[in-house]
Structure formats: C-alpha cells, structure tokens
Amino acid sequence: MVSSCRKERYYYTSNQLFEQSLDIYRPSPPPSTSSPPLPVVTLVVGSAWLGHRSIIYSGCSWWNSSGPKTVAKLGCTCVCIRHRGAFPKTFSPLSILFVSIMVGLLMTLINWFIGADGWKVLEEIIATNVDVEAKYASSGQTSAFLLAFFMGLLAMELAGNGSASFDQMQNDVMDALAYVEKNKKRLGLDISSEIPIIFGGYSSGGHVASCCAQEPNLWKQRNLPPPDIYCESLLYISPVLSTKPYVEMFRKVASLSSSSLSTISPSSSMPSLSPSEVSQQNAAARKALEKSSSSITSSASLSSLQSTYSPPSFLTSALVKAIFGNAAAQTPSPIHTYHKSPSLPTTFVGCRKEMFGLNWLDLFFCSPTYSDLLKSIGIDSRYVAVESDHWNILNSTVLSDALDEEIRLVQSRRHRKISSK
C-alpha cells in the first residue's frame, strides 16, 4: 500500500463542464512493476443522480473523492468519471416537503431575530403605507411564509432547467470511456490487452455503470469493444441496482426447469472460464430469458427470493419520482434486466447497515439478490458485506480490505489466462 496519491483532471467534452470531467488518481510513489500488472480501476461517481448546479455537485465531489483515493493507495490507477446530473422536480411531494421545511426554518430564523414585536411593527407599516385592510395586514407571517414558499418553488423550477435525463447520464459515461481509450497514451494510462480493467461505480454511479454494462450497443457506437471483452471484471460499491419493487415480481414468475438449468449452474471452475466460454455456456439460458416479457429466475434463486422480505418502497419511489419526474417509470432498473449483464466476474461490496440500520432505502441496495441472480445464469459473482454505512464506506478500512482482495482475484485470473496460452 502506498502512502498518498496525486490527482489530475481532464474534460472529456469540449464544453469544459465540471460535470463532464474525469479525475485520474495515481499512486505516489508509483508501485514497483508487478506480474501480472495491477488493474486500472474505472469508477462512475455517485451523487443520487443529482447535479446540474455546482452547489449540489461540489458537495458530492468531496465525498466521492474518498473512493478513488482508497483505490490509488492500494497501488492501482483509478479513473473517476462524472456525468451530468438531474435536478429535483418542482412539484413532486418530496420537493414540496423540502421547500416547506426550508421556508419554515427561514421563518423561524426571522422570528428569532425580530420577535413578535417586529412582526407587529411590520404589520403596522403595511397597514399605514399600503392600501390593504388591517385584517389582511395582521396576517403578515402567513403571507410571508406563502410568498417565500412559492418563490422557493419558482427558484427550483428555474434551477432545474436543462438538467440531464438518464439517457444523457449513460451517454456521458460512455463518452468518458471513449475519451480515455482514444487518449490513453497522452493520459499516461497503459491500457492494453495486458492491463486488466475493472469497471463499475458506487452509489447511483453503480446504477449508471451497471446500466451501461447491460447495453453493448452503447459501446459499439463509440467503437469500443463490448464490455465482456474490454473489461476484466465489474465492481459495484454500495450500488443502487433497483428503482422499483422486484421481490413480488420474481416470486410470481415461473422458474426454468432443472434440466435447462443444469448447463448454466455455477461451478467451482467458473472463475477460470474465459468470457467467450462463459458466453457460450449461457447462450441457451439467455435466449430464453430475453424472449420472456419478465426476467425468469432459476429455482434456486426463486427459493431465496421467496424467503426475502419485501423492502419498503415508499421512500425510494418518492425519490425516483422527485429526481426523474414523469420519466421515473422509464428509468432502468438493472436487477429487472439482470439477464443482459455481461459474462464478467462481478463483485458487489455492500454495507450491512446502508442507512444506519434503517430499512427505508433497502429497495435500492439489493446487491445480495442481484448477485444470486447472476449466479443463476452462470456468471461468476460474489457479494462482500462490510461493516459500514452508505455515507462512510468510501473512506473505510473495510472497503480497502475488500478492494485489496478484489485486486488479488483479478491478478489471479489474469495469471491463469496468461499461463493457459
């Protein structure tokens, strides 16, 4: 492990926007040459999908920097990708509640400064100098609250003008990957067939990254190899992998027959299979899954889902609606399309207490179930639970230990591939 790292910033579009930039974190001093070489880790940052205004993204940027620093201190170069963000929609219940709370706090602060006598003086001034009846002037506090409330909603509406859609977030991430590939020599990134690449993200960045990984056409459009060739493995840290309820849906679908599953059940030799071999092994199962209107899970996974409690959806649904508005229903939910995932070794690092032990956001953080579903179609997948929470994991020792183990696994797989040639 190295003691520090250095950061370089690049813009992957001509707009020179902070939201469309990437940071490269390099270990300092550089580690000694290793064989197999250490991977380059590319992570999409999290910001609850929000951004668009610097007041939001600048705060998230400070928190996000902990993850790449943790990776770099393990000796790996880390590429940290940002994308344009959404902005809270004005007339969602959570936005209205937020504005009400902020205005309430403002009114409390004003009351603390001017007191009841101050309001009486203000009401007298209004009644004397403005052509209104005294009974209306006496409702100064209520009028001030309503005025501030509607001004807050108007400010939110104007601030959200031009915010990004989810498709634009995906396109930004893919444009960043294409930029890195095109400029890898200038950026000092020795990315080649010999240097393994780990791709993924954390928090909402894990959601955007997993959706990109499920869309090989996005890679093809930018002349990039498909993810199961370009990447060595996938890594998701405390990721958002579901945007809508999933347990009941999986409970109701018919499981594949045990005979059809026999060709895709995970085996101890799975980690040594090449991506092309895994793809061939899973072809029949994937074809059946893609023809189905709903994803069909294996009997093993179905059994585990039947014993899984249904995570509450009241808060997660409200959050998605507040962020994406009318497009919330069309926002991809990776766990519902898990069969589109590339045949790559996949690691999920999740917190035992994502929201400090409260289950309000458990619907988002469904890594254990997602991992089981990938195993059911023959993909080498593992879930690592760490003792942390969603807001402290990036700077934690337990994450460093989990990432160190992941790097060793990637090097081991690379060594087996090289030895088999």
Side-chain angles (χ1 to χ4, degrees), residues 9-23 43-65 80-103 148-179 201-212 215 218 221-222 239-244 315-334 361 363-364 390:
R9 179 160 298 164
Y10 300 92
Y11 298 91
Y12 55 85
T13 70
S14 59
N15 297 327
Q16 298 283 299
L17 293 176
F18 176 71
E19 294 181 44
Q20 291 178 307
S21 67
L22 59 87
D23 293 337
L43 296 175
V44 183
V45 305
S47 61
W49 302 285
L50 296 174
H52 188 54
R53 298 297 173 188
S54 58
I55 191 173
I56 294 178
Y57 230 135
S58 57
C60 293
S61 180
W62 173 81
W63 176 74
N64 286 329
S65 64
C80 173
I81 296 176
R82 299 181 186 86
H83 57 73
R84 285 171 292 173
F87 198 83
K89 298 300 180 284
T90 307
F91 297 107
S92 68
L94 281 184
S95 296
I96 292 174
L97 176 62
F98 173 78
V99 172
S100 300
I101 292 173
M102 291 297 101
V103 172
F149 174 75
F150 285 110
M151 289 296 290
L153 290 179
L154 178 61
M156 181 173 286
E157 180 69 22
L158 294 175
N161 186 39
S163 59
S165 66
F166 188 79
D167 286 344
Q168 289 173 318
M169 298 179 196
Q170 282 187 283
N171 285 324
D172 279 356
V173 170
M174 295 309 306
D175 287 346
L177 289 175
Y179 172 87
Y202 42 95
S203 191
S204 64
H207 174 248
V208 180
S210 61
C211 290
C212 288
E215 297 292 341
L218 293 177
Q221 290 167 7
R222 292 161 176 83
V240 173
L241 296 169
S242 177
T243 57
K244 53 189 175 183
L315 182 56
T316 52
S317 297
L319 282 170
V320 174
K321 181 70 174 177
I323 294 167
F324 295 105
N326 294 331
Q330 288 75 48
T331 302
S333 181
L361 297 180
L363 181 71
F364 282 158
H390 189 72

Smallest heavy-atom separation, Gly201 atom then Ala209 atom, equals N-CB, 4.1 Å

Sequence neighbours excluded, the answer for ring-ring contact (aromatic ring centres under 6.0 Å, His included) partners of Phe166 is His207

Could you check whether atom CE of Met151 has more than 12 heavy atoms from other residues, nucleotides or ligands sitting under 6.0 Å from it?
no

When rounded to the nearest 0.5 Å, the distance separating OG of Ser210 from CD of Glu215 is 10.5 Å

Looking only at heavy atoms, the pair that brings Leu17 and Tyr11 closest together is O-CD2, 3.2 Å

Look only at the side chain of Gln168 and the backbone of Ser165, and say whether a donor-acceptor pair between them is shorter than 3.5 Å. yes

Check your understanding: Are Arg82 and Asp172 ion-paired here, with the side-chain N under 4.0 Å from a carboxylate O?
Key -> no

So SG of Cys211 and CG of Leu218: to nearest 0.5 Å the spacing works out to 10.0 Å

Closest heavy-atom pair, Tyr179 versus Leu22, reported as atoms and distance to 0.1 Å, is CD2-CD2, 4.0 Å

| said: Could you check whether any side-chain heavy atom of Phe364 comes within less than 4.5 Å of a side-chain heavy atom of Leu241, counting everything from C-beta outward? | reply: no

Rounded to the nearest 0.5 Å, the CG atom of Leu50 sits from the CG atom of Leu319 at a distance of 9.0 Å

- Task: Would you check if Thr331 and Trp49 make a side-chain contact, meaning some heavy-atom pair closer than 4.5 Å?
- Result: no

So OG1 of Thr243 and NZ of Lys321: to nearest 0.5 Å the spacing works out to 13.0 Å

> Can any side-chain N or O of Ser204 pair as donor or acceptor with the backbone N or O of Ser47 at less than 3.5 Å?
Replying inline: yes

With a 4.5 Å cut-off on side-chain heavy atoms, are Leu177 and Ile81 touching? yes

On a heavy-atom basis, the closest approach of Gly85 and Glu19 is N-OE1, 2.9 Å

Pair Arg84, Asn171: side-chain N/O donor-acceptor within cut-off below 3.5 Å:
no

Closest non-hydrogen atoms of Thr13 and Gln20, given as atom of the first, atom of the second and distance, are OG1-OE1, 3.3 Å

So NZ of Lys244 and OG1 of Thr316: to nearest 0.5 Å the spacing works out to 12.5 Å

The ring-ring contact (aromatic ring centres under 6.0 Å, His included) partners of Phe18 (sequence neighbours excluded) come to Tyr57

The ring-ring contact (aromatic ring centres under 6.0 Å, His included) partners of Tyr12 (sequence neighbours excluded) come to none

What one should report as the nearest heavy-atom pair of Ile323 and Ala48 is CD1-O, 3.3 Å

